[in-house]
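Okay, structure first, notes after.
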There are 2 protein chains.
Amino acid sequence: MMAKEEKKREVEVRPRNWLVPVILLSLREWNSYGYELMERTAAFGFEAMNPGTLYRTLRQMEKDGVVESEWETSRGGPARRVYSITDAGEAYLDFWAEALEQYQRNMDAFFRLYTGRPPRKDNENGAK
Amino acid sequence: MMAKEEKKREVEVRPRNWLVPVILLSLREWNSYGYELMERTAAFGFEAMNPGTLYRTLRQMEKDGVVESEWETSRGGPARRVYSITDAGEAYLDFWAEALEQYQRNMDAFFRLYTGRPPRKDNENGAK
DNA sequence: CACATATAGGTGTACGATGCATATAGAAGC
DNA sequence: GCTTCTATATGCATCGTACACCTATATGTG
């Protein structure tokens with residue numbers, strides 16, 4: 001059990017497909033393209049994301065009908081594929097939000113046990 | 001884009017490997033065996049878990065040195081493999097807790113944007 | 001000119017996590 | 001003898017995604 005600790009240095013905590021709701025939420029704010037979305041999604045835990053992952057996800061989301069895109073070529077530099085959220089995409093985002101809320105409750109239960117706090121008290125504030 | 005919505009009925013929201021910290025936390029409270037852990041982990045989002053997934057995860061965790069086990073045969077019925085958490089396991093649990101806290105902050109950011117205001121009463125889960 | 005760099009989008013492949021089906025076995029009840 | 005509950009486990013297929021790699025446009029620099 002000595003050599004094994006080395007590979008435990010980092011754990012993957014994000015839920016599967018976490019990128020999808022993050023993209024949908026970002027696009028609900030304003031239309032965007034892949035290269036820009038890489039920066040915008042960084043705030044949600046994708047600091048070290050591989051560009052390929054994002055681009056592939058966007059293409060798949062368009063196939064699923066939750067986003068749509070068109071090329072923007074009327075400027076200097078490489079063309080941009082600009083994405084916007086569809087009605088189905090907004091509904092899907094709502095669906096995700098519900099599921100995520102449920103899971104926040106599970107994580108709250110986890111931390112209540114972890115920190116040893118009783119589950120029904122209300123007078124706790126920032127025990128740190 | 002209508003036919004595609006059908007397969008969006010359910011999304012998988014749990015963090016990857018979420019079962020691992022849940023098991024470690026459960027075992028930190030008291031030693032337990034697979035069949036019992038199925039009930040105990042249900043409270044954390046594993047209501048419909050396949051037993052195979054749990055047993056496989058437990059064997060792997062023992063290989064990784066974060067739990068250890070011994071057979072309990074001194075009673076009627078099938079033998080139980082009773083697990084307990086190791087020192088490395090407790091350290092690993094702490095490590096997970098930190099990562100989960102980070103993820104919670106990402107989700108808080110998500111919901112602030114989604115709802116336009118912070119949804120949770122802020123508690124700082126004091127993880128050392 | 002050649003080249004490096006920033007911007008922009010993308011594919012191929014392999015691995016890991018997990019859902020589902022299935023197998024084994026001891027004890028208890030009808 | 002058969003079913004059910006308890007208890008542990010493996011095999012296989014799928015899906016998400018990390019990693020490596022590729023193409024192409026425009027700008028700046030020696």
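Lettering of chains follows the sequences in order, A, B, ..., and the numbering in each one begins at 1.
Distance Leu54(A) CG to dG16(D) P: 16 Å, rounded to the nearest Å. The CG atom of Asn50(B) sits 16 Å away from the P atom of dC12(D) (whole-angstrom rounding). Counting to the nearest Å, the P atom of dA7(D) and the CZ atom of Arg40(B) are 14 Å from each other. We find that OH of Tyr35(B) is positioned 6 Å from P of dA7(D), with the value rounded to whole Å. What separates CZ of Arg75(A) from P of dT25(D) is a distance of 14 Å, to the nearest Å. Distance Glu72(B) CD to dA7(D) P: 9 Å, rounded to the nearest Å. Atoms CZ (Arg59(B)) and P (dT10(D)) sit 7 Å apart, rounded to a whole Å. Rounded to whole Å, the distance from CE on Met61(A) to C1' on dC15(D) is 17 Å.
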**Message:** Could you walk me through whether Asp108(B) and Gln104(B) satisfy the side-chain hydrogen bond (donor to acceptor under 3.5 Å, both in side chains) test, starting with their C-alpha distance in whole Å, then the side-chain angles of each, then the deciding distance to 0.1 Å, before giving a yes or no?
**Reply:** CA-CA 6 Å; Asp108(B) 287 345; Gln104(B) 269 195 327; over 6 Å; no
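Gly34(A) approaches Leu58(A) most closely through the heavy-atom pair CA-CD1, 3.9 Å. Closest approach of Gly65(B) and Thr86(B) over heavy atoms only: O-OG1, 2.8 Å. Residues Ser69(B) and Arg81(B) share a closest heavy-atom pair of OG-NH1, 3.0 Å.
Of the two residues contacting DNA chain C, namely Leu19(B) and Pro78(B), the nearest-nucleotide position lying further toward the 5' end is that of Leu19(B). Where Arg14(B) and Arg81(A) each meet DNA chain C at their nearest nucleotide, the meeting point lying more 5' is that of Arg81(A).
Protein chain A contacts DNA chain C over a range whose 5' and 3' limits, counting nucleotides with an atom under 4.0 angstrom from a non-hydrogen atom, are dT7(C) to dT18(C).
For Tyr55(B), a side-chain nitrogen or oxygen approaches OP1 or OP2 of dT8(D) to under 4.0 Å. Here Arg56(A) does not reach the OP1 or OP2 of dG16(D): none of its side-chain N or O atoms lies under 4.0 Å away.
Relative orientation of the Tyr92(A) and Trp96(A) rings is perpendicular, given thresholds of 30° and 60° on the angle between their planes.
With rounding to the nearest 0.5 angstrom, the CZ atom of Arg40(B) is 10.5 Å from the OH atom of Tyr33(B).
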